[in-house]
Structure formats: structure tokens, C-alpha cells
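Here's the structure, in C-alpha cells; my notes come after.
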Amino acid sequence: GTDPIYVITPTYRRPEQLPELTRMAQTLLLVRAAHWLVIEDAKEPSKQIAQLLERSGLRFEHLTAAMPEQYKKKRGAKPKGVAQRNRALQWLRANATAGVFYFADDDNTYDVAIFDEVRITDGWEAVREAVLWRVERRSSVSVQIRSTKRVSMFPVGLCTKFGLSTPVVSSAGAFVGFYDGWIGGRKFPVDMAGFAVSVKFLHMRPKATMPYAPGFEEDGFLRSLAPFEPKEIELKADNCTKVMVWHTQTKANAPSPPLDMAKYNQTNLA
Ligand code: UDP
Ligand code: MN
């Protein structure tokens, strides 16, 4: 069979949470052998998310890992999702043997083409693949994260004036550096959604972990995979020429008040 793609999604309680997870679930339903690790920033799992996951029909794990109190209390930038991603790595070390994992935050936008290797085939075989996996629009895109041997990278669309975070690739197809709105002295100045790692490689790096370092989570994690150098990156998305994932952010909304029908604005039809 097909090896799993473990999609690691930290999430936390807020008005946007269920719509974000709904959108993501609908995307992942189009991905072969997706195994969704949803890790709540909470002490107890929520019933609503348990129901959403059950109803989705996806293969999933519903885990929790709260952000440690000392970071939660801190003013300014927080290490968002770090406890949960490390919980997911722990789960993978204990339960996974093959496949690839990908850190996919709940509010980003994913094209299903990022996940799959699409073989260009003829006639009915192509139609069958297109119907099964809805990838006919992208059949020119060659090799994607499913085929990651160790660590792969690809562009992430940003909704900023920089537009993009990506490895820079020469016309001959060689890695030459990174482009990002903020390099910040990082060895791997990449977005959380811009790389994937094979489970087998994780097992070869028993100490790999994500640090509680706001802004340096990706860099810290990728450095913890040492020995591993930028020149060893497997370039995906047609040599980093295509954007198939966007770092989107949903506008924050005020939480809804507790339900009190007496205070509701109603149109009385009677
Ligand atoms: N997150 C979390 N706890 C928090 C804040 C964020 O678990 O207190 C999760 C969030 O659901 C997302 C990831 O961590 O999957 C990154 O957070 P966010 O999208 O807010 O970061 P940004 O995109 O703004 O960098
Ligand atoms: Mn986000």
C-alpha cells in the first residue's frame, strides 16, 4: 500500500477553530493515505473536535499538549504550537515506521498537489487518477512531498509584500540559497509549511526536537536534524517554481457570548 503522509496540526480554542479545521479536513480527504495528527493546545481534548474528526472519515489521532505556563504568561511573541509539534514527534517515534510528516498549521491554505506524486499517464488511466484524486489540473507538477527521502522543501506563498518564502534554485536546478522576508541569522530561513521530513530520517535522528524559540522554531528543528546541510535539501514543487501552499491567517473575531435566547435579535414572524 501507500505509505502515510502524517499531517501535524497544532490547534487551539477560538471562534475560528472549527471552520479552520473543517476546511483542512476537506482538503485532506483528497489526499491518499493522509493520517492527521491534531494536537490541541489544551489539557483535555474537546468534544467538538473529537466529533469533527470522527465525522471527517479521515484517519486521525486526537492528542493534547498545552503550551507550558511560563510561555503562556509571557508578553510578546509566544512559541505557538511547539509543545504540540513535539508531542506529534513523540507519537511518530512510538507509532510510525514509514512515510513522511508535514507541519501543517490549521489556518494555512493547501493545494492537494503539494502532497502527491502525479504520474503523467495516458487515456483511461489518467482519467481514473484524476477522478480518484482530483489532481488533473496539476498533472504537470512532478514530484511532491510524498516522495521525500530525508528533508524536502518548496515555496510558501505569503500574504506580505515579500510574497514568498522559498529556497532559491538556479536555472540548472541547483539549490543556491533562501528568499524570505526575514532571514534573521537563520541557517534555514523557511516557513513551518515549507518543508517535509521522512519518518525513517526522524528515526535516524533520535534527538530531533523543536525549540521554544519564537521565530526560530523551523530553524531550530531543522538544525536539530544535524548532520543535515541546506545543500542536501530535496527540492519539490517543480524545483521550487510553483506555490502550492499559502501561509494565510484568518482575521481574529471576538468570541461569541454564551447562548441566551432572550437577548437574541429576532424577527418575530407570528
Ligand atoms: N496555536 C496554538 N496555540 C496558541 C497559538 C497558536 O496551538 O496559543 C497553533 C495554531 O492553531 C496554528 C499554529 O499554532 O496551527 C501557529 O499559530 P498561528 O497560526 O497563530 O501563527 P502564525 O500563522 O500567526 O505564525
Ligand atoms: Mn497561522
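Every number for a ligand or one of its atoms is a count from 1 in the order of the listing.
- At least one side-chain heavy atom of M24 sits under 4.5 Å from a side-chain heavy atom of W36.
- Heavy atoms only, all atoms of each residue included: I39 and T64 are closest at CG2-C, 3.8 Å.
- Between F195 and F188, the gap from one ring centroid to the other reaches at least 6.0 Å.
- Looking at L58 and L29, their side chains come closer than 4.5 Å, going by heavy atoms from C-beta outward.
- In this structure, T9 contributes its side chain and A104 its backbone to a donor-acceptor pair below 3.5 Å.
- Although no hydrogens or angles enter the test, the distance criterion places no donor-acceptor pair under 3.5 Å between the side chain of R150 and the main chain of F201.
- Counted within 6.0 Å of CD on Q70, heavy atoms from surrounding residues, nucleotides or ligands total more than 12; the atom is thus considered enclosed.
- Closest of all the heavy-atom pairs between F228 and V151 is CZ-CB, 3.4 Å.
- Counting only protein N, O or S atoms, the number found under 2.8 Å from the Mn ion (ligand 2) is 2.
- Near ligand 1, heavy-atom contacts under 4.0 Å come from P10, T11, Y12, R14, D41, M67, K80, G81, Q84, R85, D105, D106, D107, H247, Q249.
- Taking the six-membered ring for Trp and the full ring otherwise, F60 and W91 have centroids separated by 6.0 Å or more.
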